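Structure first, then comments.
Naming convention: chains lettered A, B, ... in sequence-line order (proteins, then strands); numbering from 1 in each chain. On a predicted model such as this, the values are computed, not experimentally measured, just so you know.
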Amino acid sequence: MSRQDRRGRQAWIPPVKVKGPSRSEQDGAPLNRRAGGLAKAPFPADRRGFGLATALLWTLLLASLALALHLRVSNQMLSTSDAERQLYSFVLAENGVEYARTILPHLDLNSLLVGENGRHEGDQRPEWRNPVPYRQAQSADVDQLRADGDDGLPFGAGALPPGGYRAEGGLFLLRFSNNPEEPRDLDSDKVILVRSLGVVPGLLPDPAAGDVRNAVTLVEARFRKETVFDLPAALALSGDSGDFQLDGSSFTVDGGDRIGVAVVAVAAAGLLEDFLDALSPSQRDRVRGAGAIPSVRDVSADYRDDENRRSVFEASFWRHFEESLPEFSDLPDDGLRFLPEGGAMRQSYRGALVVRGEFRMLGEARIEGLLLHLGGGALRLRDRASVVGGVWMSNLDHSGDAVAARPIQLEIADNALIQRDEQAVRWALGRFPPTQLGWRVLFPEMLQ
Amino acid sequence: MPKNKGISLVEVMLSLALSLSAGLAMLTMVRQFQNWNSNLGLLMERDERLRQAPLLLGRHLTAAGNNSFDADWEGLEVFSEQIIVKSDLEGDEGFPDATLDGQYESIALRRQGDDLQLRSGGGRFQPLLKNIRGFEVTDWRPPLIQLRLEAETSAQLRDVGEKAVEQVELAFYVWNYRKNLFKEGRR
């Protein structure tokens with residue numbers, strides 16, 4: 001029951017207790033003897049408290065603290081992730097350069113520069129040496145990122161697809177271009193640039209960037225492809241004199257469409273004469289190539305005129321080569337090996353074999369590739385030993401400022417064979433790593 | 001009208017005491033949380049600096065020595081108090097020009113006071129990373145350089161009374177010092 005007072009407010013009429021103990025008194029509520037029966041008292045007038053308010057304030061406080069902690073940790077995670085992504089893009093770019101270094105010895109540079117379509121599109125595009133422009137790499141969808149055009153992109157079996165190499169969480173893209181000292185589409189000095197772009201996708205859209213902001217690193221390396229030992233003949237002899245033992249009429253030195261024997265004189269012109277004197281009339285047809293019999297030619301001028309090949313006249317070149325060989329040839333497998341003490345060989349080998357000292361190839365010994373004999377003893381090929389590819393012989397004292405030639409010692413007997421094979425030479429040359437001439441990180445303000 | 005009993009003095013005193021106790025407990029907990037939060041912030045800030053270190057140092061160290069084979073300066077020199085990096089990075093045409101007059105082509109790194117500092121060219125040393133209390137080259141055998149970096153929090157940790165120190169070991173591969181099988185220079 002309720003009634004209104006003079007001001008129109010509802011008055012509360014407490015219930016009347018009919019029987020039993022005074023629950024109202026126990027509850028603290030006044031009795032209503034007129035209303036009859038017990039009524040429910042949800043909000044007693046004299047019952048007031050701040051429990052709810054306190055609970056609400058507590059909840060608000062805890063929620064605020066939790067939110068603050070969550071935001072702090074989230075920001076820290078984003079910051080950490082950003083640093084890690086940037087570092088990872090750096091690692092990817094470095095890996096791209098290493099990949100380029102690996103494949104460069106196997107690439108034809110002039111074909112590479114113009115790409116699969118055989119023509120260089122030109123240097124009018126901005127940042128044409130990059131796989132893609134830097135800003136584009138920062139904002140593009142990584143899954144859709146592709147190097148544009150085909151200039152400088154390796155093609156053929158085993159080459160990277162235009163979308164680059166995709167690792168987990170990122171990718172790298174490559175493009176080769178000619179060094180700025182030469183025309184963009186014609187290489188002659190074997191020096192080439194490669195730019196590797198490492199890209200790691202961004203996590204969140206960056207309003208300032210207009211789109212997703214990827215982590216990007218661009219690295220450029222300058223390499224020289226080494227062709228010093230791209231021999232012009234089946235057998236190349238470098239020196240001023242030689243002791244040649246050519247036994248029987250069953251051996252063969254065959255240059256194919258190249259020269260049979262090429263002579264590179266160091267200081268004097270006696271080597272060619274010594275070899276020709278060692279050839280008996282019945283042996284002259286055992287040395288053939290390029291349609292000539294005997295096929296023996298002095299190519300000293302060609303070597304002196306060639307920017308790369310003229311290194312063979314430098315003492316420092318040979319010193320560096322022999323000192324560095326052990327680090328690059330420590331594997332027992334085919335590829336690149338160095339035998340500083342010479343020895344004897346009866347088995348097969350594929351690749352580039354560098355030898356110093358007395359070295360004998362006997363029985364069915366076979367080298368498919370390059371045999372570089374650096375003197376300090378004789379080179380002897382007997383029985384059915386064969387070298388398919390090419391042989392270089394020199395015996396130089398490179399301890400001083402200039403090379404000094406010592407006599408070469410060569411013995412070929414029985415059915416020994418030295419045959420020039422272009423494919424074998426290419427494969428062997430691929431075992432020599434390119435020489436790195438420079439390495440730098442490029443930033444947007446450095447790009448042209 | 002219901003009888004208004006009011007609140008007695010005892011009840012007031014009791015409720016005050018309870019409120020104070022509750023308030024004190026709450027404030028203590030909040031203060032604990034604040035200390036913890038503050039310490040966490042300091043540690044995060046320190047760790048963030050250490051996370052940036054490989055990026056900041058790597059961009060200079062990994063590309064050190066991009067010089068011509070006959071340059072008359074050394075690409076990376078390590079002294080007891082400094083690392084000096086010289087790298088011909090670019091010229092007017094965007095390619096190395098055999099001079100060190102460009103930005104960040106000749107830099108020095110050192111620790112001075114609480115900062116790891118960097119100087120470009122002939123300029124002044126500027127702070128690169130703050131609150132670095134240790135910077136040491138532990139090994140330099142080309143092409144690998146190894147550093148030890150010690151960072152501390154910018155203030156003492158609450159309830160601990162001292163700064164927290166963290167150490168990291170960094171190794172950088174200096175690509176221009178990589179060994180070549182063939183001599184770099186040509187006559």
Side-chain angles (χ1 to χ4, degrees), chain A residues 12 14 28-30 44-46 54 58 61 65 68-69 72-73 75-76 79-80 83-84 86-87 90 94 97 179-180 189 193 219 221-222 224 226 228 307-308 310-311 313-314 316-317 319-321 324-325 327-329 336 432-443 445-448, chain B residues 1-7 15 19 22 26 29-30 33-34 36-37 40-41 43-45 47-48 50-56 58-60 62-69 87-90 92-96 102-105 173-187:
Chain A
W12 182 80
D46 57 349
T54 305
W58 266 109
L61 177 66
L65 292 173
L69 178 63
R72 167 165 256 169
V73 172
N75 284 338
Q76 193 65 26
S79 176
T80 304
E84 287 178 351
Q86 195 60 43
L87 206 55
F90 195 90
E94 288 176 319
V97 171
N179 50 316
D189 61 0
L193 302 182
V219 170
R222 181 184 283 235
R224 184 179 61 229
E226 294 298 340
V228 173
E307 198 171 346
N308 289 321
R310 70 165 72 111
S311 302
F313 303 111
E314 296 175 30
S316 56
F317 169 83
R319 266 201 304 276
H320 187 280
F321 183 63
S324 306
L325 261 174
E327 279 185 56
F328 287 86
S329 60
L336 176 61
F432 294 117
T435 300
Q436 184 178 295
L437 305 177
W439 195 100
R440 57 178 183 153
V441 178
L442 294 174
F443 299 97
E445 57 271 18
M446 296 163 70
L447 296 173
Q448 292 186 352
Chain B
M1 278 185 66
K3 183 180 177 183
N4 189 355
K5 287 188 177 178
I7 303 175
S15 64
S19 301
M26 189 180 74
M29 202 181 86
V30 169
F33 182 83
Q34 278 183 329
W36 178 77
N37 198 37
L40 183 65
L43 292 170
M44 282 182 168
E45 186 200 15
D47 292 346
E48 178 63 24
L50 288 177
R51 244 191 305 279
Q52 295 292 332
L55 286 170
L56 293 173
R59 67 175 275 183
H60 298 296
T62 56
N66 186 48
N67 306 313
S68 174
F69 73 96
S87 198
D88 179 14
L89 297 175
E90 63 164 345
D92 292 337
E93 304 295 320
F95 290 95
Q103 276 274 51
Y104 297 111
E105 286 191 321
Y173 194 95
V174 187
W175 291 96
N176 287 299
Y177 280 81
R178 178 199 212 136
K179 197 129 195 215
N180 285 309
L181 177 57
F182 295 89
K183 196 182 93 159
E184 188 176 329
R186 288 279 192 255
R187 190 155 53 111

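Using a 4.5 Å cut-off on side-chain heavy atoms (C-beta onward), A/R319 and A/S316 make contact. Side-chain atoms of A/W439 and B/T62, non-hydrogen and from C-beta on, do get closer than 4.5 Å to each other. The shortest distance between side-chain heavy atoms of A/V441 and B/R59 does not fall below 4.5 Å.
Looking only at heavy-atom pairs under 4.5 Å with chain B, the residue among A/E94, A/Q436, A/Q86, A/E84 that has the most is A/Q436. Here A/G438 is the residue among A/P434, A/A221, A/G438 with the most heavy-atom pairs under 4.5 Å with chain B. The most heavy-atom pairs under 4.5 Å with chain A, out of B/V30, B/D47, B/N180, come from B/N180. Comparing A/A83, A/A68, A/S329 by how many heavy-atom pairs each has under 4.5 Å with chain B, the most go to A/A83. For the set B/K179, B/Q52, B/E48, B/M44, the entry with the most heavy-atom pairs within less than 4.5 Å of chain A is B/M44.
Residues passing the side-chain hydrogen bond (donor to acceptor under 3.5 Å, both in side chains) test with A/R72, sequence neighbours excluded: B/N37.
If you measure heavy-atom distances from B/S15 to chain A, you find no contacts under 4.5 Å at all. Residue B/M29 touches chain A through its side chain alone, counting heavy-atom pairs closer than 4.5 Å. Only the side chain of A/L69 comes within contact range of chain B, judged by heavy atoms closer than 4.5 Å. At a 4.5 Å heavy-atom cutoff, the contact between B/E90 and chain A is made by backbone and side-chain atoms alike.
Just one of A/N179, A/N308, A/D189 meets the side-chain contact (heavy atoms from CB on, under 4.5 Å) condition when paired with A/R224; it is A/N308.
Ring orientation note: the planes of A/F317 and A/F321 are close to parallel, at an angle under 30° on the 30°/60° scale.
Heavy atoms from other residues, nucleotides or ligands lying under 6.0 Å from OH of B/Y104 number 12 at most.
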